[in-house]
Amino acid sequence: MKAIISSAKLHCEEFYARSTLKVAKDLLGCYLNRRLPSGLVLNAEITEVEAYTANDPACHAFNGKTKRTQVLFGPPGRAYVYFIYGMYNCLNVVTEPDGIPGAVLIRGLNGIADSGAKLNGPGKICKYWQIDRELNGVSLLALDSPLWITKRADGTSPKILKSERIGISQAQDRLWRFYT
DNA sequence: GGGCCGATTGTT
DNA sequence: ACAATCGGCCCG
């Protein structure tokens, strides 16, 4: 058995089975980890997120469950990856208890592979980290997952700023974009 | 089957 | 400002 993670710990399902707004803010400062098909593992600190909830006109799940959005209604702690603008994929983490839709969009990373480089924008993150719809629905909780999230090692929490969400045409008054 | 739109991004 | 580029969803 090989150890993928030494010091950092995975969140458990209970972490994701909470209010989407709380999960969004708590994910800031955590680390997104990605095992590429080549075997190479990338990791970087989450620095920007957005929350999308059941009673939110900007959420894909707002108009009910469809083939595309069904993972939003499923168990928490899974990846929701959708294809947008004919070119880009966006990565979300599913929140709320099973049966209630909700997700946190990952919009920004910092310190990619210890290089210190920043990666801004959900489309670019998925492009550079080879995240596409094949990962839609995968659990982030299993150690053999190609995608998982770990807590920050020092146990501290970053200072959180908020603003309107980017690129939406509805519910623009909700300050549900959080960043560090 | 047709048409419109989108949780984006890079270029004009 | 706008083009790139295509799946989902609604309508008929």
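First the proteins, then the strands, lettered A, B, ... as listed; each starts at 1.
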Keeping the roles fixed (side chain from A/Ser145, backbone from A/Ser139), state whether a donor-acceptor pair exists under 3.5 Å.
yes
OH (A/Tyr52) and CG (A/Asn92) are apart, to the nearest 0.5 Å, by 8.0 Å
Find out whether A/Asp26 and A/Arg18 are in side-chain contact, i.e. whether some heavy atom of one side chain is under 4.5 Å from a heavy atom of the other.
yes
Give, ordered by number, those residues of residues 68-83 of chain A having at least one heavy-atom distance below 4.0 Å to an atom of DNA chain C; if nothing qualifies, reply none.
A/Arg68, A/Phe83
Heavy atoms of other groups near A/Asn55 CG, more than 12 under 6.0 Å:
no
Could you tell me if A/Arg78 sits above the aromatic ring of A/Tyr80, with its cationic atom closer than 6.0 Å to the ring centre and no more than 45 degrees from the axis?
no
If stacking means aromatic ring centre less than 5.5 angstrom from the base's six-membered ring centre, planes under 30°, is A/Tyr85 stacked on B/dG6?
no
Working to the nearest 0.5 angstrom, can you tell me the gap between A/Cys126 SG and A/Met87 CE?
14.5 Å
How would you give the extent of chain A contacts on DNA chain C, as first and last nucleotide 5' to 3' within a 4.0 Å heavy-atom cut-off?
C/dA4 to C/dC9
Does a sphere of radius 6.0 Å around CD in A/Gln172 hold more than 12 heavy atoms from other residues, nucleotides or ligands, not counting ones at 6.0 Å or beyond?
yes
A/Trp129 and side-chain contact (heavy atoms from CB on, under 4.5 Å): which single residue from A/Ile106, A/Leu91, A/Leu109 fits?
A/Leu109
Do A/Leu27 and A/Ile149 make a side-chain contact, defined as non-hydrogen atoms from C-beta onward lying under 4.5 Å apart?
yes
A/Leu40 vs A/Arg35 side-chain heavy atoms within contact, under 4.5 Å
no
Distance col, row A/Arg107:CZ vs A/Arg165:CZ, nearest 0.5 angstrom, shows 11.0 Å
Are any of the side-chain heavy atoms of A/Lys25 and A/Ser19 separated by less than 4.5 Å?
no
Using Watson-Crick and G-U wobble pairs with both distances under 3.5 Å, what is the 5'-to-3' dot-bracket string of DNA chain B, with [ ] for crossing pairs and | for pairs outside the strand?
||||||.||||.
DNA chain B contacts among residues 57-66 of chain A, heavy-atom distance under 4.0 Å:
A/Ala58, A/His60
Under 3.5 Å, which N/O atoms of the protein pair with N/O atoms of nucleotides 9-11 of chain B?
residue : atom : partner  : partner atom : Å
B/dT9   : OP1  : A/Gly121 : O            : 3.3
B/dT9   : OP1  : A/Pro122 : N            : 3.1
B/dT9   : OP1  : A/Gly123 : N            : 2.8
B/dT9   : OP1  : A/Lys124 : N            : 3.1
B/dT9   : O4'  : A/Tyr88  : OH           : 3.2

Would you indicate whether the side-chain heavy atoms of A/Trp176 and A/Leu105 approach each other to under 4.5 Å?
no
Search all heavy atoms of A/Ala58 against all heavy atoms of A/Gln170 and return the closest pair with its distance.
CB-O, 3.6 Å
Quick check for you: to the nearest 0.5 Å, what is the distance between A/Leu147 atom CG and A/Leu141 atom CG?
11.0 Å
Using atom OH of A/Tyr52 as one end and atom C1' of B/dG6 as the other, report the distance to the nearest whole Å.
11 Å
Which residues in residues 159-180 of chain A have at least one heavy atom lying under 4.0 Å from any atom of DNA chain B?
A/Ile166, A/Gly167, A/Ile168, A/Ser169
I need the A/Ile125 CD1 to A/Ile46 CD1 distance, nearest 0.5 Å.
8.5 Å
When A/Lys67 and A/Gly86 are each assigned the nearest nucleotide of DNA chain C, the 5'-most assignment goes to A/Gly86
Contact summary for A/Phe73 and A/Gly64, nearest pair of heavy atoms:
CZ-C, 3.7 Å
Rounded to the nearest 0.5 Å, how far apart are CD of A/Glu45 and CG of A/Leu32?
11.5 Å
